[in-house]
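Data first, discussion second: the structure below is written as structure tokens.
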Amino acid sequence: MLNKFKIVALVIGAMLFASAAYAEDSMGEWLLSFNRMKGVKPVTDKQYAKECGECHFAYQPGLLPAKSWEQLLTADALKKHFGVNAELDAATRSAILTYAVNNAAETSWYKRSRKIAIATEKGPAPLRITELRYISRVHQDIPEKMIKGNKDVKSLSQCNACHTQAAQGVFDSDTVNIPNYPNWDD
Ligand code: HEC
Ligand code: HEC
């Protein structure tokens, strides 16, 4: 009996050793993708990236809950989208709405999406990311001259003007660079 156990243990040990050696290569990659889970999931839909990245940064759907996308992306809402007309043909609108809802904050395991999902679970649907308490709070100490008064930023809605890795879904403060204010954090 004991011997059989020893043999089984040895075989399992050998298998584990082999798979560990095999996994070593992809380990770094795995750690890297795990680390990226701290942000939000990058945009993967080409149509969304194109249509919603025309006037501003293509906000990741994981930055708002589904109920927000459902209100923002109706045909009527798009016609008067923050003072501009962002109308889409019916098929494109429907595909973009589906993509946004399927990737909304509450569907995601990324850290920042989790936070946003929990914070917006109750209450009305926020229509701006910049109005989320979590987002407005982290920016409250940035002086207006660095945002509205900054010709290379103009609005807090232009995430990628300051967050150099915004497109990758990374918003950590150590990846921020405010244009024209290299020493913003002094
Ligand atoms: C024709 C230009 C245009 C297009 C196309 C457009 N937007 Fe916008 N969007 C705007 C403007 C202007 C604002 C307001 C920006 C500001 O306040 O600085 C805005 C703001 C937003 C905001 C709020 C940002 C914040 O302040 O938190 C969201 C969310 C948004 N757009 C999503 C989308 C999505 C999704 C699409 C694709 C269906 C889209 N937009 C297409 C012009 C556009
Ligand atoms: C004017 C430049 C600027 C713009 C535009 C901007 N941010 Fe920021 N953001 C900052 C700075 C600076 C910080 C770091 C604040 C600090 O560390 O005190 C920050 C912090 C953050 C954080 C917290 C980072 C952390 O390490 O916890 C998040 C999340 C964030 N921003 C998301 C966004 C999103 C989403 C947008 C667009 C809707 C946006 N930001 C637009 C400058 C900007």
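First listed ligand is number 1; within each ligand, the first listed atom is number 1.
Closest to atom 27 (O) of ligand 1 among all protein heavy atoms lies I129 N, 2.6 Å. Scanning the protein for heavy atoms near atom 24 (C) of ligand 1, the closest one is Y59 OH, 3.5 Å. The protein non-hydrogen atom at the shortest distance from atom 16 (C) of ligand 1 is S157 OG, 3.5 Å. Protein heavy atom at the shortest distance from atom 13 (C) of ligand 2 is V176 CG2, 4.0 Å. S173 CB, 3.5 Å is the protein heavy atom nearest to atom 14 (C) of ligand 2. Scanning the protein heavy atoms around atom 41 (C) of ligand 2, the nearest turns out to be L156 O, 3.3 Å. For atom 32 (C) of ligand 2, the closest non-hydrogen atom of the protein is F171 CD2, 3.6 Å. Nearest protein neighbour of atom 21 (C) of ligand 1, counting heavy atoms only, is F82 CE1, 3.3 Å.
A donor-acceptor pair is defined here as one N or O able to donate and one able to accept, closer than 3.5 Å; such a pair exists between the side chain of R93 and the backbone of L73. At least one donor-acceptor pair under 3.5 Å links the side chain of K67 to the backbone N or O of T120. In this structure, H139 contributes its side chain and I135 its backbone to a donor-acceptor pair below 3.5 Å.
In this structure, the side chains of Y134 and I116 come closer than 4.5 Å at one or more pairs of heavy atoms. P61 has its side chain within reach of V43: a pair of non-hydrogen atoms, C-beta onward, lies under 4.5 Å apart. Residues Y59 and C159 are in side-chain contact: their nearest non-hydrogen atoms beyond the backbone lie under 4.5 Å apart. Between Y99 and I96, the closest side-chain pair of non-hydrogen atoms is not below 4.5 Å. Using a 4.5 Å cut-off on side-chain heavy atoms (C-beta onward), P65 and E106 make contact. In this structure, the side chains of F82 and R128 come closer than 4.5 Å at one or more pairs of heavy atoms. With a 4.5 Å cut-off on side-chain heavy atoms, K154 and K148 do not count as touching. Put simply, the side chain of L132 does not reach to within 4.5 Å of the side chain of L63, judged on heavy atoms.
Inclusion of H139 in the first shell of atom 8 (Fe) of ligand 2 is supported: an N, O or S atom falls under 2.8 Å. Residue C159 does not count as close to atom 8 (Fe) of ligand 2, with no N, O or S atom under 2.8 Å. Taking 2.8 Å as the criterion, H81 counts as a coordinating residue of atom 8 (Fe) of ligand 1, since one of its N, O or S atoms falls below it.
Heavy atoms of Y134 come nearer than 4.0 angstrom to ligand 2 in at least one pair. The closest approach between I135 and ligand 1 stays at or above 4.0 Å for every heavy atom of the residue.
Remark: the K41 side chain and the N103 side chain contain an N/O donor-acceptor pair separated by less than 3.5 Å.
Interface of I147 with ligand 2, defined as ligand atoms under 4.0 Å from a residue heavy atom, comprises 1 (C). Residue N85 has at least one heavy-atom neighbour below 4.0 Å for each of these atoms of ligand 1: 1 (C). Of all atoms in ligand 1, numbered sequentially from 1 with element shown, those under 4.0 Å from a heavy atom of L73 are 35 (C), 38 (C). Per-residue contacts place W69 under 4.0 angstrom from the following atoms of ligand 1 (heavy atoms of the residue considered): 35 (C). Within the listing of ligand 2, atoms 1 (C), 2 (C), 3 (C), 4 (C), 5 (C), 42 (C), 43 (C) sit less than 4.0 angstrom from a heavy atom of C162. The ligand atoms of ligand 2 that sit less than 4.0 angstrom from a heavy atom of D172 are 26 (O). Close approach of ligand 2 to W184 (heavy-atom distance below 4.0 Å) involves ligand atoms 12 (C). Atom numbering of ligand 2 starts at 1 in the shown order; those under 4.0 Å from a heavy atom of Q158 are 5 (C).
Between the choices K111, H163, M146, the shortest heavy-atom distance to atom 20 (C) of ligand 2 belongs to H163. Scanning L64, I142, V138 for the heavy atom closest to atom 22 (C) of ligand 2 points to V138. Taking all heavy atoms of H56, E54, R128 into account, the minimum distance to atom 6 (C) of ligand 1 is reached by H56. Compare L132, T92, T130 by their heavy atoms: the one nearest to atom 25 (C) of ligand 1 is in T130. Atom 5 (C) of ligand 1 has its nearest heavy-atom neighbour, among A49, C55, C52, in C55.
Salt bridge R112/D172: present, at least one basic N to carboxylate O contact under 4.0 Å.
The shortest N/O to N/O separation between L78 and ligand 1 does not fall below 3.5 Å. For ligand 1, one of its N or O atoms has an N or O atom of S155 under 3.5 Å away. Geometrically, ligand 1 and E131 share no nitrogen or oxygen pair separated by less than 3.5 Å.
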Practice item. I would like to know whether N85 and K80 meet side-chain contact (heavy atoms from CB on, under 4.5 Å); could you show each step before the answer? Key: CA-CA 5 Å; N85 187 344; K80 30 188 176 48; over 6 Å; no
Practice item. Test Q60 against F171 for side-chain contact (heavy atoms from CB on, under 4.5 Å), laying out the working first. Key: CA-CA 12 Å; Q60 288 90 357; F171 292 96; 3.8 Å; yes
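No more than 12 heavy atoms of other residues, nucleotides or ligands sit less than 6.0 Å from atom NZ of K50.
In L63, neither the side chain nor the backbone holds a heavy atom less than 4.0 Å from any atom of ligand 1. Contacts with ligand 2 closer than 4.0 Å are made by no heavy atom of A161, backbone or side chain.
Following chains of ILVMFWY side-chain contacts shorter than 4.5 Å, one can reach L127 starting from Y48, so the two form part of one hydrophobic cluster. F57 and V153 are not part of a single hydrophobic cluster, where members link through side-chain heavy atoms under 4.5 Å apart.
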